[in-house]
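Have a look at the structure below before the remarks.
Each chain gets a letter, A, B and so on, in the order the sequences are listed, and its residues count up from 1.
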Amino acid sequence: MAESYIPQQIESKWQEKWEADKLYKAVIDPTMPKFYALTMLPYPSGDIHIGHWYAMAPSDVRARYKKMQGYNVLFPMGFDAFGLPAENAAIQRGIHPKTWTLRNIDRMRTQLKSMGAMFDWEREAVSCLPGYYRWTEWLFLKFYEMGLAYRKQSPVDYCPNCKTTLAREQVVGEERICERCGTPVVKKDLKQWFWRITNYADELLDFSEIDWPDKIRTLQTNWIGRSEGAEVVFKVAPEDMLAEAGAPGTGVPGEGDLVVFTTRPDTLWGATFMVLAPEHPLVDRITKPEQRNAIADYQTQATRQTEIERLSTEKEKTGVFTGAYAINPVNGERIPIWVADYVMMTYGTGAIMAVPAHDERDFAFAKKFELPIPVVIKTEDWDGEPLEEAQPGEGVMINSGPFDGTPAPHPAVEKVTSWLEDQGKGKAAVNYRLRDWLISRQRYWGAPIPMVYCDKCGAVPVPYEDLPVLLPDDVDFMPTGESPLKYHEEFLHTTCPKCGGPATRETDTMDTFVCSSWYHYAYLSPYYKDGEPLDTNSIPWDPEEAKYWTPVDTYTGGAEHATMHLIYTRFFTKALRDAGLVDYDEPMLQLRNQGIILGEPRLGDCVEITGEWDGATFRAQEVKVYSFKDQADWPSAGRSDNRVCGEVMDRDDVSLKVRVKEETEEVDEGALVVVQIKEGLPVIIPGKEGVGNLGDILYHLEVEKMSKSKKNVVAPDDLVTTYGADIVRAYLMFGWRWELGGPWDSQGIEGVVRWVHRVWNLIQEEPRDRVPVQPEDEDTLLRAMHRAVKAVTEDMENFSFNTAIARLMEYTNAITKARAALWGTAAWEQAIHTLLLLMAPITPHMTEELWAYLGKPYSIHQQSWPTWDEEMLVESTLEIPVQINGKVRGKITVSADADEETIKAAALAEPNVARHTEGKQIVKIIVPKGKLVSIVVKK
RNA sequence: GCCGAAGUGGCGGAAUAGGCAGACGCAAGCGACUCAAACUCGCUCGAGCUUAGCUCAUGUGGGUUCGACUCCCACCUUCGGCACCA
């Protein structure tokens, strides 16, 4: 009798042995091809949750599969350990962020180890340790040296709840709320550090060297938002330039020049007014005295509008005339200059030429303020009447001087652009939506920005040899909106590295995305050269390791990082390349995203309560509970003077929300009743002895993201205790399409449980009733084996994990069928060895145990991945369907090498086919090789 | 509004250089084993009908084709992203 399968015993046993044997230590071996597999590192929030498993377990499976295929695999793990939650814990609970973080990391490392992944823990890197963040600081200095870092005063998004600035991509939705806490952000004018990611905008649009999902490529492309067009110079009408306007305008080339960016220079002749953003520097200088007040009011209102929540969903155009005019450079017309908030200071030049006939926004504005709308592009269906709406489509240029008759937009745009260049009135230009990366955060728990401010010398970088700038431990965390470091005298005051005079340190720290932009390099040699002094020529990692392992071959993680981490890390590697630190353009060659596991939906229990009404609420005297599992036995829902009955939709300490109408009925106001339950009131659960309490009652759960407050969290630790890691790994692969994810299904896992147990018993238990071997048995089994090897290999390669498991289940079924006849034969041995090898990456412990049981050499994880023989897949006879006019009417069995005529004859002879062709004219017969027979008949 | 993805049994999902729709599982039903239950094993399982077979069926409506989940056109729904980007 076989040993029963007790995963709790075998899993820890093998995990200990693998660790002791350093089975997964990744060591450079120039004789082997390398494979750098990487999965996004977790934030140490406290517990590993099912989402981490869903992301990491299949990634581990694939790393193991690559290892068996003969690659030298590096599969590291670490922690993204700086960030707000640690600091919030400090504020709320008085725990130091470092203590909180390191404690969580210890806990999560242990939890991760229960997964049985092949992580090389000797390469673990934790971004909040000085050995790590001094290199983050070093990289800042490098970027500064390269001219990629700069500091400027600018309006930034600020979360009043987190008390820190946010990068643009951390502000979400139309309501512009903080991604982390949902608080509406406000604008603050602060001096901040930026990185010139825009230098790489064009290069970031090029995905030709990487195999990344279309979705991510599209998101990044849209985020960068490249648009081609022209910059055109409009002159302010000379009489409108004010005498006192002496100072040169910021970002404006010539005195009184208004530069606009347009994607449609071919519509220049239709520009009948101009619009400046309220913050545009020229506004104050050109506004006529009589318009001063109106403009000033409008500017104030516009500023406030970004600060208060934008309530209005309809965006009625607003604006104020400055009183001044500009000259349209192509036809010399005087056109009014307006100020309106539909023009953004942050895009293009903050000024536009308005062409109402061919731009929807300009059209709406012109309609509202009764400005002329001349047509300059004649579209096919234009009847010559005034336009009802803007016509941005294709057409032919009219009323456009020398260009009349030119097809627009092409080649009109190109022709007009080069004409403008010849005339010195404009030039071709490219604009991006992407803006420089704001990295300053007014927080303590982040990598310090290694800069010093001196009254004499200004901003001075901390010398490389003085790194790291260490975070002091004794900091007061009370949030003020400024970095806590600002109030730490010892940290704040320093001497200027240049002149030796008194100076202060930068007290802002870096966005944590900086740390995670280079962690895949940190894994190569964690905390490299810790303690040794640095200089400008240092390298943050062991160059030999980098040369062998990088770039990353396969990167897996969530698609939610598309416009943040995944764009920053590409930028980083391009900057590192320009710094001479790497010799390639892209950090990760292949990227795949997994989906999200949501909470499991579930009915609530049913309660039948007697009591009495008190206004709209019902006071309970007795509560009877019926389990959500036995819906058939529920008493019928409803409400009366002394009774309320229905499903529990929600619950708190003193009340239940009960749905008093049946599922099928329309839900209205009266469908939910709030029942007040006094503390200690007995709760009667039929079939259960004694009294329960309110906390025993389960309430209705919808499909939602898992969260502690919704109490729909699936804890991997519990699952491992119940089922073992192997089964959880396999189920996470089998239950959903990996890239989509979906709601958790606690019953679905049973299928995987049965499968794994079946394999376990299949190999260990000799069949009780043997049957004689039939001649074709061996072929059938081996054919199934070769099929499985092929299918599983292809599925692994394509991240199609659910079908890989399905194929393995199919193969297991085939072996089960062959068992009674073939047990103990050579073919049997081959079949079960192959099954174990194919399953080894998925269920590493259980296959290792069975491999040892069969007396095979340790370790199964050092064996080669099986290969298949195409010839073995071919069957000698085929069953193929016969269609008549596209409908299947029968099936025939023919030998695989039968010629077309034989197949046709067999098809026509099939009784049901013959019945359907009788008395009809056969038009033609199509025979795609080995697939089917298609007969076309006519009456 | 714009961009992108997805709609297949009661459920998760298979199948796309066009070729037997529903692989593999879950749930359900029936049966075997058992004193009994659980486990396990076997069978049934898209809907309908006048059931050796036939009709309908992959979000809806058209089209191409001997043949369409797959390709084309129009539309609907859901999800994700962007949102006055000139």
Side-chain angles (χ1 to χ4, degrees), chain A residues 4 169 172-174 213-223 225-227 229 260-264 267 271 274-275 277 315-318 340-344 346-355 358-362 364-365 392 431-435 559-560 562-563 595 601 731 734-737 739-755 757-758 761 791 800 802-813 816 879-891 911-912 915-916 923-937:
Chain A
S4 50
E169 44 276 48
V172 295
E174 192 167 6
D214 286 347
K215 174 178 167 152
I216 301 293
R217 291 158 47 148
T218 308
L219 285 171
Q220 293 202 349
T221 303
N222 293 342
W223 186 260
R226 180 191 157 100
S227 47
V260 301
F261 173 76
T262 176
T263 53
R264 292 296 302 272
T267 62
M274 294 191 73
V275 185
K315 284 161 191 158
E316 176 87 355
K317 293 277 181 290
T318 59
D341 64 1
Y342 83 92
V343 174
M344 309 286 126
T346 46
Y347 184 81
T349 62
I352 62 154
M353 63 172 205
V355 183
H358 307 292
D359 180 283
E360 280 176 40
R361 295 152 302 179
D362 298 342
F365 195 84
N431 241 289
Y432 301 92
R433 210 187 79 98
L434 181 73
R435 278 182 274 154
E560 67 275 17
T563 55
Y731 180 52
F734 181 61
W736 306 262
R737 281 163 65 175
E739 69 277 19
L740 291 181
W744 179 256
D745 177 358
S746 51
Q747 284 194 96
I749 196 169
E750 294 300 332
V752 174
V753 171
R754 283 176 204 141
W755 173 54
H757 280 85
R758 209 158 62 235
N761 295 329
S800 183
N802 57 342
T803 53
I805 306 267
R807 295 313 196 157
L808 285 167
M809 288 174 167
E810 248 172 13
Y811 179 42
T812 305
N813 293 343
T816 307
E879 192 190 45
I880 59 176
V882 182
Q883 291 184 350
I884 295 168
N885 288 351
K887 284 186 163 50
V888 178
R889 297 298 181 188
K891 284 172 189 178
N912 198 43
R915 202 162 65 81
H916 279 273
V923 180
K924 58 176 165 177
I925 303 178
I926 301 152
V927 186
K929 201 169 171 29
K931 283 182 180 160
L932 52 54
V933 179
S934 183
I935 303 169
V936 188
V937 299

Spell out yes or no: do the side chain of A:Glu360 and the base of B:G1 have one donor N/O and one acceptor N/O closer than 3.5 Å?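 Between B:G1 and A:Glu360, which were checked side chain against base, a qualifying N/O pair under 3.5 Å is absent.
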
Donor/acceptor link under 3.5 angstrom from A:Lys891 side chain onto base of B:C20: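 Answer yes: a donor N or O sits under 3.5 Å from an acceptor.
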
Nearest-Å distance, [atom1] ([X]) to [atom2] ([N])?
{"X": "A:Arg889", "N": "B:C20", "atom1": "CZ", "atom2": "C1'", "value": "13 Å"}
{"X": "A:Asp362", "N": "B:A86", "atom1": "CG", "atom2": "P", "value": "11 Å"}
{"X": "A:Glu750", "N": "B:A38", "atom1": "CD", "atom2": "P", "value": "14 Å"}
{"X": "A:Arg737", "N": "B:A6", "atom1": "CZ", "atom2": "C1'", "value": "8 Å"}
{"X": "A:Trp223", "N": "B:A83", "atom1": "CH2", "atom2": "C1'", "value": "11 Å"}
{"X": "A:Arg807", "N": "B:G13", "atom1": "CZ", "atom2": "P", "value": "18 Å"}
{"X": "A:Arg758", "N": "B:C26", "atom1": "CZ", "atom2": "C1'", "value": "13 Å"}
{"X": "A:Ile925", "N": "B:C66", "atom1": "CD1", "atom2": "C1'", "value": "11 Å"}

A:Tyr731 and A:Trp736: side-chain contact (heavy atoms from CB on, under 4.5 Å), yes or no, with the steps? CA-CA 9 Å; A:Tyr731 180 52; A:Trp736 306 262; 3.7 Å; yes

Taking [M] as the reference, what is the distance to [N] when you measure between their [atom1] atoms (whole Å, please)?
{"N": "B:A36", "M": "B:A47", "atom1": "C1'", "value": "39 Å"}
{"N": "B:C20", "M": "B:A68", "atom1": "C1'", "value": "14 Å"}
{"N": "B:G13", "M": "B:C49", "atom1": "P", "value": "31 Å"}
{"N": "B:U58", "M": "B:U77", "atom1": "C1'", "value": "16 Å"}

Go through the side-chain N and O atoms of A:Asn222 and A:Arg433 and say whether any donor and acceptor fall under 3.5 Å apart.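 No, no side-chain donor-acceptor contact under 3.5 Å.
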
So does [X] get a side-chain nitrogen or oxygen closer than 4.0 Å to the phosphate oxygens (OP1/OP2) of [N]?
{"X": "A:Asn912", "N": "B:C54", "answer": "yes"}
{"X": "A:His916", "N": "B:C54", "answer": "yes"}
{"X": "A:Asn802", "N": "B:C24", "answer": "no"}
{"X": "A:Arg754", "N": "B:A27", "answer": "yes"}
{"X": "A:Ser227", "N": "B:A86", "answer": "yes"}

Determine which nucleotide pairs with [N], using a 3.5 Å limit on both distances of a Watson-Crick or G-U wobble pair.
{"N": "B:C30", "value": "B:G42"}
{"N": "B:C79", "value": "B:G4"}
{"N": "B:G53", "value": "B:C49"}

Verify side-chain contact (heavy atoms from CB on, under 4.5 Å) between A:Val936 and A:Asn885, making sure each step is shown before the conclusion. CA-CA 5 Å; A:Val936 188; A:Asn885 288 351; 3.8 Å; yes

Nearest listed nucleotide, side chain of A:Arg361, among B:C66, B:A86, B:G4: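 Closest nucleotide among those given: B:A86.
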
A:Lys317 charged N/C atom sitting above A:Phe365 aromatic ring, 6.0 Å / 45°: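 Not satisfied by the 6.0 Å and 45° rule.
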
State the syn/anti category of B:G59 according to its glycosidic angle, syn meaning within 90° of 0.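 Classified anti.
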
Given RNA chain B, 5'-ward residue of the pair A:Trp736 and A:Thr263, judged by closest heavy atom: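 Here A:Trp736 is the residue nearer the 5' end.
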
When all nucleic acid strands are considered with a 4.0 Å heavy-atom cut-off, which category describes A:Tyr432: base, sugar-phosphate, or nothing?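 Touches nothing.
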
